[in-house]
Engineer: 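Can you keep this structure in mind? I'll have questions shortly.
Along the sequence shown, residues carry numbers from 1. Quantities reported herein were computed from a predicted structural model and do not represent experimental measurements.
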Amino acid sequence: VEQHYYSRQLTDCAHGLQGLIKRRRLKDVELKHLDKTTTVLLMHPLLQLRQACCHPHVVRSGQWVLNRKDGVSMDAVLDQLIKKARNECTDANRSRLASLNGMAGLHAIRNDWVAAVTSYQEVLSLAKERTDLFQADSMQLIHAVHNLRLMLPKAIELGSGQAVYDGDLEKQERELRE
């Protein structure tokens with residue numbers, strides 16, 4: 001647990017430092033040529049890393065603050081790491097489903113009904129995976145079900161064997177809206 005925790009702190013520090021260097025266009029600038037304000041900004045992620053390593057009982061890392069005089073148990077740190085990882089997975093899943101819905105919309109604009117239906121079916125399939133860990137946004141599912149319901153007849157009309165859905169889309173859409 002500790003190794004993962006500190007590795008995560010190091011990764012967060014490195015990303016923060018890289019982002020700052022990129023935003024301020026400091027890639028080829030030597031440290032001795034920086035003004036005090038920029039130097040302090042650059043050192044801030046390193047300060048946070050040092051604080052996390054030296055004082056893990058007072059940690060401000062993204063979403064949580066662990067601040068107890070008697071220290072923090074590894075179980076508490078592990079719980080926070082799991083919570084943060086779950087949130088990151090939920091966000092990544094949300095982005096993935098939004099991208100697939102967007103791709104389906106682009107296929108529909110091009111009148112490629114079979115590809116649109118396939119993308120919407122993938123959204124619904126992915127939404128069913130790992131529901132024990134995170135749930136898909138209902139609006140994304142309503143979008144997918146509604147448009148799948150509208151586009152499925154067009155795809156079937158084209159004779160696509162792939163465009164088959166075995167559920168009652170109208171009923172599923174009603175349930176999602178409730």
Side-chain angles (χ1 to χ4, degrees), residues 1 4-25 27 41 44-45 48-49 52 59-66 77-178:
V1 171
H4 177 76
Y5 172 76
Y6 291 120
S7 294
R8 184 60 189 245
Q9 293 297 318
L10 177 61
T11 302
D12 291 348
C13 174
H15 287 300
L17 199 54
Q18 288 170 348
L20 188 61
I21 289 170
K22 188 176 181 178
R23 281 191 308 275
R24 295 216 168 215
R25 297 184 179 118
K27 186 176 180 183
L41 283 173
H44 187 70
Q48 288 178 319
L49 179 62
V59 175
R60 284 174 176 74
S61 180
Q63 300 176 359
W64 70 82
V65 175
L66 302 174
V77 171
L78 180 61
D79 288 343
Q80 292 299 328
L81 289 172
I82 290 170
K83 182 179 176 181
K84 186 173 182 180
R86 184 169 286 142
N87 288 339
E88 289 170 355
C89 287
T90 299
D91 290 344
N93 188 54
R94 184 178 294 120
S95 294
R96 186 178 183 189
L97 295 181
S99 297
L100 285 169
N101 274 331
M103 289 299 296
L106 291 173
H107 291 306
I109 289 170
R110 292 189 342 230
N111 293 328
D112 187 353
W113 307 117
V114 174
V117 164
T118 302
S119 291
Y120 284 130
Q121 287 174 329
E122 189 174 353
V123 168
L124 297 177
S125 173
L126 289 172
K128 290 179 185 176
E129 288 181 12
R130 303 305 305 187
T131 55
D132 56 327
L133 295 177
F134 45 85
Q135 290 184 331
D137 290 340
S138 60
M139 291 304 292
Q140 289 180 329
L141 296 178
I142 290 170
H143 174 86
V145 170
H146 177 80
N147 288 312
L148 180 60
R149 187 170 58 83
L150 296 176
M151 292 175 200
L152 191 58
K154 295 175 183 178
I156 292 172
E157 191 176 293
L158 293 172
S160 170
Q162 296 175 11
V164 176
Y165 189 78
D166 58 356
D168 182 353
L169 292 170
E170 212 168 314
K171 179 181 175 190
Q172 191 175 353
E173 184 179 352
R174 257 193 326 275
E175 289 171 356
L176 284 169
R177 288 181 187 273
E178 292 174 357

Engineer: Between CZ of R96 and CG of N93, what distance do you get to the nearest 0.5 Å?
Structural biologist: 7.0 Å
Engineer: If you take all heavy atoms of H107 and A116, which pair is closest and at what distance?
Structural biologist: CB-N, 3.6 Å
Engineer: Roughly how far, to the nearest 0.5 Å, is the CE atom of M139 from the NE2 atom of H146?
Structural biologist: 11.0 Å
Engineer: Would you compute the distance between atom NZ of K154 and atom CG of D112 and round it to the nearest 0.5 angstrom?
Structural biologist: 12.5 Å
Engineer: Please list, chain by chain and in numerical order, all residues satisfying ring pair (Phe, Tyr, Trp, His ring centres under 6.0 Å) with H143, sequence neighbours excluded.
Structural biologist: Y120
Engineer: Would you say the side chain of R86 lies within less than 4.5 Å of the side chain of K83, judging by non-hydrogen atoms?
Structural biologist: no
Engineer: More than 12 heavy atoms of other residues, nucleotides or ligands under 6.0 Å from CD of Q135: yes or no?
Structural biologist: no
Engineer: Do L20 and R23 come close enough that some side-chain heavy atom pair is under 4.5 Å?
Structural biologist: yes
Engineer: If every non-hydrogen atom of S119 is compared with every non-hydrogen atom of L100, which pair is closest and at what distance?
Structural biologist: CB-O, 3.9 Å
Engineer: Once rounded to the nearest 0.5 Å, what's the spacing between atom OG of S99 and atom CD of Q140?
Structural biologist: 9.0 Å
Engineer: What closest approach, in Å, do K84 and D12 show between heavy atoms, and which atom pair accounts for it?
Structural biologist: NZ-OD2, 3.3 Å
Engineer: Which atom pair, heavy atoms only, marks the closest approach of L97 to V123?
Structural biologist: CD2-O, 3.7 Å
Engineer: Ignoring hydrogens, what is the shortest heavy-atom contact between R94 and D137? Give both atom names and the distance.
Structural biologist: NE-OD2, 2.7 Å
Engineer: Give, for atom CD of E122 and atom CG of L148, the distance between the pair rounded to the nearest 0.5 Å.
Structural biologist: 12.5 Å
Engineer: Closest approach of L141 and A127, non-hydrogen atoms and distance?
Structural biologist: CD2-CB, 3.3 Å
Engineer: Kindly compute the distance separating CZ (R149) from CG (N147), expressed to the nearest 0.5 Å.
Structural biologist: 9.5 Å
